[in-house]
> 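Structure incoming, see below.
Residue numbers run from 1 in the order of the sequence given.
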Amino acid sequence: MSTIPSSPASAVSGSPPPPHVVEDCMGIVQLLSDGTVRRSLDYSHLPMLRHVPSDLPVQWKDVVYDAGNGLRLRMYRPTTAGPADKKHPKLPVLAYFHGGGFCIASFEWPNFHAGALRLAGELPALVLSADYRLAPEHRLPAAHQDAETVLSWLRDQAAAGTDAWLAECADFGRVFVCGDSAGGNMVHHVAARLGSGALALRDRVRVVGCVILWPYFGGEERTAAEAEAEAMAPSSEFDPGRNFEQMWRLALPEGATRDHPAANPFGPESAPLDGVPFPPVLVAKAGRDRMRDRVAEYVARLRAMGKPIELAVFEGQGHGFFVFDPFGDASDELVRVVRQFVCTCTVAGHG
């Protein structure tokens, strides 16, 4: 754990006590009483991959997309994309936002790296796996703003052609926005901003589909699945859901509740979505996820508004299964479902 040094306690009577920890999130992020943050880069106690296959036919490189905030993304391109498609000689672009409750993680995590390798190689697609500012140093809507910046950066790249990989491989008319957990929340907000016209891509980039994997939404009223999960006796199995409430406290603006629009897309202060056009949306729900009721409600409400939304249910799986076991059987099926969605959107979008 990296620490922020503090001055020794003063001998003067009545001096304030040294800062103490008020929130400790998974031993990775500590919020102190004076507002400072300690952040560790040691994630070894989490269920991370110890080995990522090195023989996958994918190249990758890191690129800065927001120099002012020191933000990077990792770009992946397959080296063997199969037989050339005369109608679509270039690759679709998949912008990907990782999970982590808005508080932890990076595209550099072996699990996220492995998942991006799979998506790039097997869809196939040019994948942009982006980091974003984390809470509590940068509370929401910082992450949502960074997601928009990624799309704006891609728009500018389409105009300038300065990145060789994008210029050579990217089909800017077939862009997908994808994310898991907190990243899935970000995808929803990107879709809403695009539909409302608040995020303008100037016809240089066309988002033809969104992929939302077990999105991290919240609300003050507990769902049945959340109440059931909270009532269960603790087990030795890793459950990221145990930290959801704490992560909302760290990620939302100070004083906000889980009904804040950044957490609850249907909260009392959230903008109505009825008249906001959405691109086709694929939502993945994990059957053992404590968020499953919120995911089902999200799909049902968007569908009732006439949004083009598709739900894929993965029974027996927990929150983040693709992240924690990116080469498992369920992940194989997820990649197949996403690949089919990309193909369907391509046909629908281009005829």
Side-chain angles (χ1 to χ4, degrees), residues 22-23 25-26 29 31 35 97 99-104 132-148 177 179-196 198-199 210 212-231 239-276 278 281 283-286 289-307 309 311 319-320:
V22 294
E23 294 275 10
C25 182
M26 305 173 73
V29 178
L31 177 63
F97 300 102
F102 296 109
C103 297
I104 64 172
Y132 49 88
R133 287 172 291 172
L134 298 176
E137 299 96 321
H138 305 282
R139 292 176 179 265
L140 289 165
H144 292 163
Q145 294 165 349
D146 294 340
E148 293 185 39
V177 187
D180 72 275
S181 192
N185 174 304
M186 294 165 68
V187 175
H188 162 77
H189 285 276
V190 165
R193 295 280 287 177
L194 283 169
S196 69
L199 175 57
C210 292
I212 300 179
L213 309 178
W214 40 94
Y216 179 48
F217 293 136
E220 281 298 287
E221 184 177 348
R222 291 286 191 269
T223 67
E226 289 169 343
E228 176 188 326
E230 290 169 5
D239 177 11
R242 295 172 188 161
N243 302 98
F244 285 171
E245 186 169 342
Q246 181 186 49
M247 286 175 160
W248 280 129
R249 289 198 303 271
L250 292 170
L252 289 169
E254 291 191 55
T257 73
R258 293 186 303 277
D259 277 335
H260 187 279
N264 187 350
F266 308 114
E269 297 180 8
S270 298
L273 297 172
D274 302 71
V276 179
F278 270 46
V281 179
V283 177
K285 182 181 80 168
D289 185 2
R290 68 177 66 199
M291 303 288 290
R292 61 187 181 272
D293 291 348
R294 294 197 185 278
V295 177
E297 180 194 18
Y298 176 76
V299 171
R301 294 185 69 160
L302 288 192
R303 187 171 283 158
M305 296 176 196
K307 307 288 190 280
I309 192 162
L311 175 65
H319 189 88

> Is a salt bridge present between Glu228 and Arg290, judged by a nitrogen-to-oxygen distance below 4.0 Å?
no

> Closest approach of Ala284 and Leu213, non-hydrogen atoms and distance?
CB-CD2, 3.7 Å

> Would you tell me whether Asp146 and His138 have side-chain atoms, one donor and one acceptor, within less than 3.5 Å of each other?
no

> Taking only Lys NZ, Arg NE, NH1 and NH2, and the carboxylate oxygens of Asp or Glu, determine whether Glu137 and Arg133 approach each other closer than 4.0 Å.
no

> Given side-chain contact (heavy atoms from CB on, under 4.5 Å), test Glu226 with Met291 step by step and report yes or no.
CA-CA 7 Å; Glu226 289 169 343; Met291 303 288 290; 4.1 Å; yes

> Give me the ring orientation class for Phe217 and His188: parallel if the planes are under 30° apart, tilted from 30 to 60°, perpendicular past 60°.
perpendicular

> Between Glu230 and Arg242, is there a side-chain N and carboxylate O pair less than 4.0 Å apart?
no

> Distance from Ser181 atom OG to Met186 atom CE, nearest 0.5 Å?
11.5 Å

> When you look at Asn243 and Gln246, which way does the side-chain contact (heavy atoms from CB on, under 4.5 Å) test go after all the steps?
CA-CA 5 Å; Asn243 302 98; Gln246 181 186 49; 3.8 Å; yes

> About how many Å separate CD1 of Ile104 and CG of Leu134, when rounded to the nearest 0.5 Å?
9.0 Å

> Return the minimal non-hydrogen interatomic distance between Ala262 and Leu140, and the atom names on each side.
CB-CD1, 3.9 Å

> Could you grab the distance from atom CZ of Arg294 to atom OH of Tyr216, nearest 0.5 Å is fine?
10.5 Å

> What residue among Leu194, Val283, Val281, Ile309 forms side chain to side chain contact (heavy atoms under 4.5 Å, CB included) with Cys210?
Val281

> Asp293 and Ala225: which non-hydrogen atoms are nearest, and at how many Å?
OD2-N, 2.8 Å

> Less than 4.5 Å apart, side chain to side chain, heavy atoms only: is that true for Arg258 and Asn264?
no

> The test is ring pair (Phe, Tyr, Trp, His ring centres under 6.0 Å); show your working for Phe244 and His319 and say whether it passes.
CA-CA 11 Å; Phe244 285 171; His319 189 88; 5.0 Å; yes

> Taking atom CG of Leu31 and atom CZ of Arg249, what is their separation to the nearest 0.5 Å?
10.0 Å

> Looking at Ala182 and Tyr132, what are the two nearest heavy atoms and their distance?
CB-OH, 4.2 Å

> Testing the basics here: between Ser196 and Arg193, what is the closest heavy-atom pair and its distance to 0.1 Å?
OG-O, 3.1 Å

> Are any non-hydrogen side-chain atoms of Asn185 and Phe97 less than 4.5 angstrom apart?
no

> Side chains of Val190 and His144: does their closest heavy-atom pair fall under 4.5 Å?
no

> Is a side-chain donor or acceptor of Arg139 paired with a backbone partner of Leu250 at a separation under 3.5 angstrom?
yes

> For Thr257 and Asp259, indicate whether the former's side chain and the latter's backbone hold a donor-acceptor pair under 3.5 Å.
yes

> So do the side chains of His260 and Glu269 get within less than 4.5 Å of each other, counting heavy atoms only?
no

> Classify the ring geometry between Phe102 and Trp248 as parallel (under 30°), tilted (30 to 60°) or perpendicular (over 60°).
tilted

> Can you tell me how the ring of Phe266 sits relative to the ring of Tyr298, calling it parallel under 30°, perpendicular over 60° and tilted otherwise?
tilted

> Show the nearest heavy-atom pair for residues Pro261 and Ser270, with the distance to one decimal.
CA-OG, 3.4 Å

> What distance do Asp274 atom CG and Met305 atom CE have between them, rounded to the nearest 0.5 Å?
4.5 Å

> Side chain of Lys307, backbone of Leu273: donor and acceptor closer than 3.5 Å?
yes

